[in-house]
Amino acid sequence: MRKRVQQELQNILQKEIVLEKPKEKKFGHFATPIAFTLAKELRRSPMQIADELAKNFAKLSIFEKVEPLKGYVNFKLSEDFLDEYATWALRNEPEFGTDKQGEKILLEFVSANPTGPLHIGHARGAVIGEALSRIGKHLGNEIVKEYYINDAGNQIYLLGLSIYLSACEILGKEVEWPDEYYRGEYIKELARKALELFGEEIVEHKQIDRLSDWGKDEMMELIRSNLAEVGIEFDSFVSEKELYQKWDEVLAILREHGAIYEKDGKLWLRSCEYGDEKDRVVVREDGRPTYLAGDIIYHYTKFQRGFDRYINIWGADHHGYIARVKAAIKFLGYDPDKLEIILAQMVSLLKGGEPYKMSKRAGNFILMSEVVEEIGADALKFMFLSKKSDTHLEFDVDMLKKEDSSNPVYYINYAHARINSVMQKAGKSLEDVVDVPLKGLNEEAKDLLFSALLLPEVIEDAFFKRELQRVTDYLKALAAQLHSFYNKHKVIGTENEDKYLKLLLVVALSIRVGLRLLGIEAKYRM
RNA sequence: GUCCCGGUAGCUCAGCAGGAUAGAGCAUCGGAUUCCUAAUCCGAAGGUCGUGGGUUCGAAUCCCGCCCGGGACACCA
């Protein structure tokens with residue numbers, strides 16, 4: 001809608017016009033402060049300019065009213081325009097809010113180490129990534145969801161050792177747990193399973209590598225099922241281990257581009273040259289590549305696949321990595337600006353008001369699956385999506401458990417279910433009302449209609465800014481408006497019945513599509 | 001010490017590519033149900049937008065300093 005209006009205005013003025021939402025509803029649907037900008041150029045008063053502009057714009061048929069006020073120009077859309085759009089939307093639900101942005105995007109997220117189940121911190125990135133992907137696709141982009149599996153290195157070995165130690169314990173041996181070992185119920189379960197599968201020889205012969213390898217696969221399966229529980233699936237999984245086959249190739253390119261030097265028997269990346277605070281070791285003295293090496297190869301292969309844009313959702317504790325990875329990309333001859341990092345800030349947990357320390361090692365972390373079981377996947381998703389990804393999020397597990405009707409996802413679903421219920425009571429279907437002209441509506445109805453039709457610009461804005469809370473905020477506000485309307489205006493049996501039913505269907509449409517883009521299915525009955 | 005994120009109502013947070021009187025939810029208080037789902041609605045109260053400067057017609061929003069909170073600063077992944 002906004003685009004269409006903007007286009008029409010710009011056709012007249014031949015100038016970029018900023019459209020905003022008026023502070024107050026009575027001012028109209030859109031407003032522009034353009035007169036203030038022009039005032040400077042033309043050296044005339046904004047009021048005068050606004051006056052003239054308004055007269056000019058008023059010719060457009062999409063407007064019912066164009067009014068200058070204190071230098072602003074306020075626009076009110078015509079009923080015909082809104083009705084036409086509403087009818088189209090109702091008939092073309094799959095198209096509603098779509099666009100043709102056409103970027104090829106590689107979206108990497110979660111990428112949690114396969115050394116344990118997903119915890120609540122991982123869930124945040126997972127939920128954000130999924131919603132971003134859905135919205136991006138809706139807007140006409142091609143998006144590949146990818147998971148980078150850190151299946152190489154020390155932590156996988158530690159996983160094997162931890163399983164081994166736990167198995168020893170099960171067999172009644174006295175063991176001591178070093179701090180860095182993984183603990184937790186899942187390790188015990190793995191140990192039990194391993195003993196069943198491989199027998200006690202696995203302990204007697206101390207077959208750590210075998211345990212590591214097997215345990216890693218088990219954990220990957222567990223992670224996949226954790227994700228499936230909240231409706232998230234990946235298009236592609238990339239194994240760090242397999243990437244190392246290309247290390248020689250990548251190293252050669254880096255060398256060729258003068259990115260590498262040797263010092264103290266190690267190979268260093270000149271990441272300083274491109275904005276990092278110091279150079280980084282990529283190969284240790286003993287010849288083993290560092291973690292960064294894996295990430296360099298990974299991004300090399302990403303860029304080789306030729307996407308327009310690469311988005312990584314990382315935990316905020318990785319922010320130090322941005323500079324060095326971007327430097328590496330530059331050295332490899334690619335454009336680091338194509339890589340965009342979204343940082344998902346820490347999730348801190350309270351339990352009964354007390355800080356709840358998350359630590360995988362100690363095993364007292366809150367599992368994503370636990371929380372899903374407590375409050376449901378929808379509530380969890382909505383909570384994460386309601387907050388900007390780069391703000392610290394603190395919530396009390398107990399509060400979340402208690403949350404029921406005060407949970408916004410219920411509130412929104414209730415609005416959707418309510419509309420469905422009214423339709424049923426009225427005994428009418430979409431076909432019965434979709435062509436009824438929405439004319440002569442009262443103020444509340446017009447406002448509601450306008451709000452419901454705003455979804456497309458909300459999701460576009462949300463995707464552009466990578467701020468998904470704009471969608472949740474919108475849905476909350478739309479639901480509130482619906483509830484308010486519902487309480488004030490009777491639908492069934494009035495002369496407005498068909499008009500109102502059509503209006504309500506538009507609201508339901510927006511709620512349903514909006515929720516779906518967040519990975520939540522709207523409820524038809526509650 | 002350096003870097004990142006945050007500081008807006010009692011609490012959790014929106015608003016920030018500058019714009020009209022700073023918003024919502026929860027909590028508090030007061031109302032609404034013979035009527036389409038009260039899982040709802042209506043109303044009240046609640047604010048030095050951390051702080052000090054600067055930029056300008058205009059700053060919660062942009063710039064600089066400072067204060068407070070959280071996090072990151074590996075040849076771990």
Side-chain angles (χ1 to χ4, degrees), chain A residues 18 20-24 27 31-37 39-40 45-46 69-72 74 111-115 150-158 180 240 264-268 277-278 280-286 288-295 315-323 343 345-346 348 383 386-396 399 403-408 410-415 417-426 464-465 467 469-470 472-474 476-477 479-480 482-494 497 500-501 504 525-526:
Chain A
V18 178
E20 0 179 285
K21 200 177 99 193
K23 265 284 182 302
E24 279 187 58
F27 293 149
T32 177
I34 184 81
F36 292 100
T37 333
K40 212 177 273 179
S45 98
L69 184 68
K70 290 199 246 170
Y72 287 85
N74 296 323
S111 299
N113 292 344
T115 52
N150 294 126
D151 53 3
N154 195 40
Q155 87 278 4
I156 297 295
Y157 188 68
L158 263 181
E180 68 272 23
E240 180 188 3
D264 306 330
K266 303 154 207 168
L267 294 186
W268 298 72
E277 41 190 40
K278 53 183 166 188
R280 309 286 172 176
V281 172
V282 285
V283 179
R284 303 177 178 91
E285 260 176 297
D286 60 10
R288 283 157 49 234
T290 61
Y291 175 74
L292 178 60
D295 243 335
D317 53 340
H318 283 66
H319 88 263
Y321 259 78
I322 299 175
L343 292 179
Q345 273 292 351
M346 304 284 124
S348 30
M383 188 202 42
S386 311
K387 320 281 182 190
K388 278 192 295 195
S389 64
D390 60 1
T391 61
H392 301 269
L393 175 55
E394 181 180 272
F395 68 85
D396 195 302
M399 291 299 282
E403 206 161 10
D404 40 59
S405 61
S406 62
N407 191 319
Y410 285 94
Y411 184 78
I412 295 165
N413 265 320
Y414 184 43
R418 236 179 179 177
I419 293 168
N420 184 54
S421 154
V422 174
M423 284 301 289
Q424 283 191 337
K425 269 259 156 62
F464 178 67
K465 294 189 172 131
E467 290 185 358
Q469 86 283 353
R470 286 166 191 274
T472 55
D473 284 353
Y474 166 75
K476 278 190 268 189
L482 179 278
H483 287 307
S484 174
F485 180 84
Y486 178 91
N487 271 275
K488 190 160 176 187
H489 301 287
K490 187 148 170 63
V491 177
I492 296 173
T494 67
E497 177 171 318
Y500 282 178
L501 287 176
L504 294 191
R525 187 159 309 162
M526 289 176 72

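All figures in this text were calculated on a predicted structure; none of them were measured in a lab. Residue numbers start from 1 in every chain, and the chains themselves are labelled A, B, ... in the order their sequence lines are given, proteins ahead of strands.
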A/Thr472 backbone acceptor or donor facing A/Ser386 side chain under 3.5 Å | no
With no angle test and no hydrogens, is the base of B/rA20 tied to the side chain of A/Asn74 by a donor-acceptor pair under 3.5 Å?
-> yes
Paired runs of 3 or more consecutive Watson-Crick or G-U pairs involving RNA chain B, with both pairing distances under 3.5 Å, are B:1-7 with B:67-73, B:10-13 with B:23-26, B:28-32 with B:40-44, B:50-54 with B:62-66
Give me, pair by pair, the N or O atoms of the protein and of nucleotides 10-14 of chain B that are less than 3.5 Å apart, along with how far apart they are.
{"unit_1": "B/rU12", "atom_1": "O2'", "unit_2": "A/Lys387", "atom_2": "NZ", "d": "3.1"}
{"unit_1": "B/rA14", "atom_1": "OP1", "unit_2": "A/Lys388", "atom_2": "N", "d": "3.4"}
{"unit_1": "B/rA14", "atom_1": "O2'", "unit_2": "A/Asp473", "atom_2": "OD2", "d": "2.5"}

Return the 5'-most residue of the pair A/Ala31, A/Glu277 with respect to RNA chain B, ranking by each residue's nearest nucleotide.
-> A/Ala31
In whole angstroms, how far is the P atom of B/rA38 from the NZ atom of A/Lys488?
-> 17 Å
Pick base, sugar-phosphate or nothing for A/Phe464, based on heavy-atom distances below 4.0 Å to the nucleic acid.
-> base
Nearest nucleotide by nearest heavy atom, which residue falls closer to the 5' end of RNA chain B, A/Arg470 or A/Glu240?
-> A/Arg470
Taking atom P in both B/rG18 and B/rU8, compute the distance separating them and give it to the nearest angstrom.
-> 23 Å
Roughly how far, to the nearest 0.5 Å, is the CG atom of A/Leu504 from the CZ atom of A/Phe485?
-> 6.0 Å
For atom CZ of A/Arg288 and atom P of B/rA77, their distance in whole Å | 7 Å
Rounded interatomic separation in angstrom, taking CD1 from A/Ile322 and P from B/rC5 = 9 Å
Short question: side chain of A/Asn74, backbone of A/Ala31 - any donor-acceptor pair under 3.5 Å?
-> no
Separation of B/rG43 atom C1' from A/Asn487 atom CG, nearest Å, is 14 Å
Look only at the side chain of A/Gln155 and the backbone of A/Asn150, and say whether a donor-acceptor pair between them is shorter than 3.5 Å.
-> yes
Is A/Gln424 reaching over with its side chain to a backbone N or O of A/Asn420, donor-acceptor style, under 3.5 angstrom?
-> no
What is the nucleic acid contact for A/Leu69, judged by heavy atoms within less than 4.0 Å: base, sugar-phosphate only, or nothing?
-> base
Say you pick atom P in B/rU28 and the same atom in B/rG71; how far apart are they, in whole Å?
-> 32 Å
Using a cut-off of 4.0 Å on non-hydrogen atoms, how would the nucleic acid contact of A/Ala426 be classed: base, sugar-phosphate, or nothing?
-> nothing
When rounded to the nearest 0.5 angstrom, what distance separates NE2 in A/His483 from OH in A/Tyr411?
-> 4.5 Å
Within the structure shown, what part of the strands sits under 4.0 Å from A/His483 by heavy-atom distance: base, sugar-phosphate, or nothing?
-> sugar-phosphate
Whole angstrom is fine here: how far is it from NE2 in A/His318 over to C1' in B/rA74?
-> 12 Å
For the residue pair A/Leu292 and A/Arg280, what are the closest heavy atoms and their distance?
-> CD2-CB, 3.6 Å
Atom-to-atom span, OH of A/Tyr486 to P of B/rC36 - whole angstrom = 7 Å
Write down the distance separating the P atoms in B/rU56 and B/rU61, rounded off to the nearest Å.
-> 16 Å
Which whole-number value in Å describes the distance from A/Phe36 CZ to B/rC57 P?
-> 13 Å
Can you check whether A/Tyr321 has a side-chain N or O nearer than 4.0 Å to OP1 or OP2 of B/rC3?
-> no
Roughly, in whole Å, what's the span from CD in A/Gln345 to P in B/rG71?
-> 10 Å
To the nearest 0.5 angstrom, please state how far the CD atom of A/Gln345 sits from the CG atom of A/Leu393.
-> 10.5 Å
Looking only at heavy atoms, which two atoms of A/Glu240 and A/Gly294 are closest? And how far apart?
-> OE2-CA, 4.4 Å
Using a cut-off of 4.0 Å on non-hydrogen atoms, how would the nucleic acid contact of A/Ser484 be classed: base, sugar-phosphate, or nothing?
-> sugar-phosphate
For A/Val283 and A/Val281, the nearest pair of non-hydrogen atoms, with its separation, is O-CG1, 3.5 Å
Which value, in whole Å, describes the distance between the C1' atoms of nucleotides B/rC57 and B/rC73?
-> 45 Å
In whole Å, what separates the C1' atom of B/rG50 from that of B/rC67?
-> 7 Å
What distance, rounded to whole Å, do you find between the two C1' atoms, one in B/rC5 and one in B/rC13?
-> 15 Å
Using atom P of each nucleotide, how far apart are B/rU51 and B/rC68 to the nearest Å?
-> 15 Å
With P as the reference atom in both, quote the distance from B/rG65 to B/rG23 in angstrom, rounded to an integer.
-> 32 Å
Pairwise distance NE2(A/His319) to CG(A/Asp390) - rounded to 0.5 angstrom | 12.5 Å
